[in-house]
Asker: 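A single structure is presented below for examination.
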2 protein chains.
Amino acid sequence: MAKQNKPRRPKAEPPKGFRDYFGTDVTERKAMLEMIAGVYHRYGFDPLESSAVETLDALGKHLPDIDRPNAGVFAWQEDDGDWLALRYDLTAPLARVAAQFRNDLPSPYRRYAMGPVWRNEKPGPGRFRQFYQCDADTVGASSVAADAEICAMLSDALETVGIPRRDYIVRVNNRKVLNGVMEAAGVLDPSDPEKFETERGIVLRAIDKLDRLGEGGVRALLGAGRKDDSGDFTEGANLTGLQADVIMAFMEARRDSGATTCARLRELVSGSQIGTEGVEELETIAALLEAQGYGPDRIVLDPSVVRGLGYYTGPVFEAELTFDILDEKGNPRQFGSVAGGGRYDDLVKRFTGQAVPATGVSIGVDRLLAALRAKGRLGGSEKGPVIVTVMDRARMAAYQAMVGELRAAGVRAEVYLGNPRNFGNQLKYADKRKAPLAIIQGSDEAERNVVQIKDLVLGAKIAASASLEEWKSQPAQFEIPRGELVAQVQRLLNGG
Amino acid sequence: MAKQNKPRRPKAEPPKGFRDYFGTDVTERKAMLEMIAGVYHRYGFDPLESSAVETLDALGKHLPDIDRPNAGVFAWQEDDGDWLALRYDLTAPLARVAAQFRNDLPSPYRRYAMGPVWRNEKPGPGRFRQFYQCDADTVGASSVAADAEICAMLSDALETVGIPRRDYIVRVNNRKVLNGVMEAAGVLDPSDPEKFETERGIVLRAIDKLDRLGEGGVRALLGAGRKDDSGDFTEGANLTGLQADVIMAFMEARRDSGATTCARLRELVSGSQIGTEGVEELETIAALLEAQGYGPDRIVLDPSVVRGLGYYTGPVFEAELTFDILDEKGNPRQFGSVAGGGRYDDLVKRFTGQAVPATGVSIGVDRLLAALRAKGRLGGSEKGPVIVTVMDRARMAAYQAMVGELRAAGVRAEVYLGNPRNFGNQLKYADKRKAPLAIIQGSDEAERNVVQIKDLVLGAKIAASASLEEWKSQPAQFEIPRGELVAQVQRLLNGG
């Protein structure tokens, strides 16, 4: 018989850009989602969980943060010809749900949703193709009171998960003001809204890059275009210097207070109906927030916020962490944006033909977790279980009875289930599990109806620093009557 | 200009076989997952969250509950040629993780995982292509103490989520015993394990269908084959009558106690080494469970349990709900299986070439929720938020301040954000949201610094049954000083 090739073994790896989360990485995220859900719920929002898979048709071409529409989605064709795709955010599925159930849902419909979304983008360091979002949206409310409320809720949510006031700021702007400025700059003609669309797209993306490119870079993009360090050329909007001045003035319109910022914006959009409307909306938002005590230490008007997403039609907002963290090279850098959102009045219309006002926010939970970990406010390692060791394989039932009693008393506990022959391996296992205590009972102890408790935390401390006398006295291991097992374990776990 | 076709509108529907979950459907599932996670955690299991997407290669051909390998997965090819797929269970990703991180993870590795899985199967009533699983597995423990522990933990988990004892049963069997029976029946030759593989597959699936087909149907499948009501023919294993007798005797080997069942199994597998080993393992499992007090009211040995899955190599177990529910036609039927699992010692080997013992259980959370709802033990509708109505649009800031105070006191509350013109619509909205209270303040009340509280629960009760006098006296609506808003709302919500 000819020698057969061995079957090829699959690689033990997730696909590129995907990763696994272990232990506290899982529980800390779950806890954060729960805290945010609690805030959303208190504000009257109801949970919605749509499926991860949608028809490509329903998702549409609104992928955020990316210049080319339609790219960036994981999609496949079914045998029956239908194209399906993994959702890339939680907003597109909400628009589908709001259209599908429009006769049954309360109006306005306030919903929150949390879960993974998928982006078919080039993965990079810290940039994954599956990540969590945690959204809240109000569908069917045209009043900017809905936008103001979402900003307040975002502020509450950030403080609830452990970002103290002044470590974050929620910045608010309005696309209508931006449109007013576009009109003033001569790149928006209200009588022919589609004219200059390309130019406006370039302006929008240029403003969004102010942080990264600085004033000079943005000016280049507003003008003839910009070559980056790698030599790649980005086309510009070809505005004149005067036109660019209007845009730049807008980006620098932020003043000390909401009122003075609005006054400056009014000047900049004077003559534009939509621009004036936008400033009035910002004034209303500022007044509502002030009445509820959300001052500029939490929420500010900031004309430089535009949000990359094409579909926004009114107020837009963004939450930024204002503290520095150290990057990979040890240099301090601003952590940046952890949440954003805005008003998008046209998404539901795609399905029904009828405009439905909507506004919402999305919190990037994974970024928020990374920020808290970078500040040392999260990432405490959890205590492991109490380990009952196996000295005598034949007495397994007795060991199982011990963990049974401990668990019944609410103590996390387990019997060592590996090969018990080498006792050292059992203690190494306990160490790896971060077990606080190990329980030991050989046949000798069993005959005398006692067990040994080994305090692994104290043991480690002694091993690190003890004198010879302390070491010999072995305070970290002692014998107790079998009947006191649960009580003694509880005493030790409670630090008593 | 030629008339253009209107752009085609996308359908507001999820793909076939997918659905959305609203409100308490979401929170009740989350609560159940939390309760099960609590039990798993107390048993020493650590959380793992792997990504939803795996390489098709890593998932392999182990899709459960389906005769054709490789079908039933949502898969697609990336631009770089790689095939990716949505996970169809949580076991295949665990095998990949256990192989990938074998040098870093503790051994044995106990992990739990919960989340959606996807099956590309024909959807049907109550049969969805995305559903939740909630798994716990021990990798690296060859001792059947690990299997026994998982059975005990499954029993604890079911009771914790609200299935009382005697409303469920965990049934345990062992594939090795089944193999011993196959040997006794002459369809397994230990010196040539691959011989009769097709026949054994048919026997396995036939046993698994005992509930549905009865003894006659199973006998037909063991013999020449079976034509079902629709006329479809399923090929049989072509066993002789004597061979089939051995298999049938095995399925009927359950006796009153674990000990007598094992004695009967010993007879049936006599002469088969693997069969005898399997019986000994069952005896050990039974002894360990008995020592911990898990008697036959919770866990029984039952030779008719085989589990459809091909990859099991030792003990297998299944949890079944034993109460009747009413089906769509109003007829009582058994609810059936809600969890299952077993030992699969070869899954990690696919990646590493080294056998790694593993055993685990998967709880079908959606089925469990359906069972609890069918029994009326879940599905209580949650109270909605307190609704502050809008009598005077100009006073929005004052209304927002009211909900701000209520939320700060922990009360779920919101301002009505729809068009406030029609007050009746506001009350209809409050009704749809199941709001317990509505707060009303027009300009008259504002001047006098009071608010009206409308008790909507009491109001509905009065509307249903009140006499004219009661109706006129309007006890469901009353006036309070503005300063008492929070205290009065809390009093009413607490039923005071």
Side-chain angles (χ1 to χ4, degrees), chain A residues 9-10 12-15 18-23 26-27 41-44 46-55 57-58 76 84 96-97 99-100 106-108 116 130 138 140-141 143 145-146 287-288 291-292 350-351 353 385 396-397 400-401 404 407 412-415 417-418 429 432-433, chain B residues 9-10 12-15 18-23 26-27 41-44 46-55 57-58 60 76 84 96-97 99-100 106-108 116 130 138 140-141 143 145-146 287-288 291-292 350-351 353 385 396-397 400-401 404 407 412-414 417-418 429 432-433:
Chain A
R9 286 188 199 137
E13 282 173 10
F18 290 89
R19 56 161 294 192
D20 305 300
Y21 296 85
F22 295 88
V26 177
T27 47
H41 182 261
R42 204 161 68 241
Y43 270 77
D46 271 344
L48 165 68
E49 186 169 332
S50 63
S51 59
V53 180
E54 295 275 348
T55 64
D57 219 23
W76 63 91
L84 304 186
R96 193 263 302 156
V97 167
Q100 182 176 356
S107 177
Q130 171 176 328
T138 302
S143 160
L288 285 170
Q292 284 188 266
R350 285 183 62 234
F351 296 97
M396 183 55 95
Q400 292 285 3
R407 289 166 185 159
R412 192 181 187 205
E414 56 168 78
V415 174
L417 286 180
Y429 172 81
K432 198 156 200 173
R433 293 299 307 278
Chain B
R9 284 188 200 138
E13 282 174 9
F18 291 89
R19 56 161 292 191
D20 305 301
Y21 297 86
F22 296 88
V26 177
T27 48
H41 183 263
R42 204 162 66 241
Y43 271 77
D46 270 346
L48 165 69
E49 187 169 330
S50 63
S51 59
V53 180
E54 296 275 348
T55 65
D57 220 21
W76 64 92
L84 304 185
R96 194 262 303 153
V97 166
Q100 182 176 356
S107 177
Q130 170 177 329
T138 302
S143 160
L288 286 170
Q292 284 187 266
R350 285 184 60 235
F351 295 97
M396 183 55 94
Q400 292 285 3
R407 289 167 186 158
R412 190 180 190 206
E414 57 169 78
L417 287 178
Y429 171 81
K432 199 156 199 172
R433 291 299 306 279

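Keep in mind that the numbers below use all heavy atoms, side chains included, and drop hydrogens, waters and symmetry copies. All values reported here derive from a predicted model rather than from experimental measurement. Within every chain, numbering begins at 1; the chains are lettered A, B, ... in the order of the sequence lines, protein sequences first and strands thereafter.
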Asker: Rounded to the nearest 0.5 Å, what's the gap from OG1 on A/Thr27 to CD on B/Glu49? Could you check?
Answerer: 11.0 Å
Asker: Select one option (side chain, backbone, both, neither) describing which atoms of A/Val53 are under 4.5 Å from chain B's heavy atoms.
Answerer: both
Asker: Taking atom CD of A/Gln400 and atom CD of B/Gln292, what is their separation to the nearest 0.5 Å?
Answerer: 4.5 Å
Asker: At a heavy-atom distance under 4.5 Å, which candidate from B/Ala99, B/Pro108, B/Ser50 has the highest pair count against chain A?
Answerer: B/Pro108
Asker: Output the option from B/Ala141, B/Pro47, B/Ala291 having the highest count of non-hydrogen pairs under 4.5 Å with chain A.
Answerer: B/Pro47
Asker: Can you list the residues that meet the ring-ring contact (aromatic ring centres under 6.0 Å, His included) rule with A/Tyr21, with sequence neighbours excluded?
Answerer: none
Asker: Please state whether the side chain, the backbone, both or neither of A/Leu84 comes within less than 4.5 Å of a heavy atom of chain B.
Answerer: side chain
Asker: Would you name the heavy atoms of A/His41 and B/Arg412 that are closest together and state the gap between them?
Answerer: O-NE, 2.6 Å
Asker: Using heavy-atom distances under 4.5 Å, tell me whether B/Ser107 contacts chain A through its side chain, its backbone, both, or neither.
Answerer: backbone
Asker: Can you find a pair of side-chain heavy atoms, one from A/Met396 and one from B/Leu288, that are under 4.5 Å apart?
Answerer: yes
Asker: According to side-chain hydrogen bond (donor to acceptor under 3.5 Å, both in side chains), who are the partners of A/Arg433, at least two apart in sequence or on a separate chain?
Answerer: A/Glu414, A/Tyr429
Asker: Enter the distance from A/Asp57:CG to B/Glu13:CD here, rounded to the nearest 0.5 Å.
Answerer: 10.5 Å
Asker: In terms of heavy-atom pairs under 4.5 Å, which option from B/Lys432, B/Arg407, B/Arg19 contacts chain A the most?
Answerer: B/Arg407
Asker: Determine the minimum heavy-atom distance between A/Phe351 and B/Arg9, stating which atoms define it.
Answerer: O-CD, 3.3 Å
Asker: side-chain contact (heavy atoms from CB on, under 4.5 Å) with B/Pro10: which of A/Arg350, A/Glu54, A/Arg96?
Answerer: A/Arg350
Asker: Begin from the C-alpha positions of A/Asp20 and B/Gln100 and carry the test side-chain contact (heavy atoms from CB on, under 4.5 Å) through to its verdict.
Answerer: CA-CA 11 Å; A/Asp20 305 300; B/Gln100 182 176 356; 4.0 Å; yes
Asker: Quick check on the interface: out of B/Pro116, B/Ala287, B/Ala397, B/Pro385, who has the most heavy-atom pairs with chain A under 4.5 Å?
Answerer: B/Ala397
Asker: Which of the residues A/Gly140, A/Gly404, A/Ala145 is involved in the greatest number of heavy-atom pairs with chain B at under 4.5 angstrom?
Answerer: A/Ala145
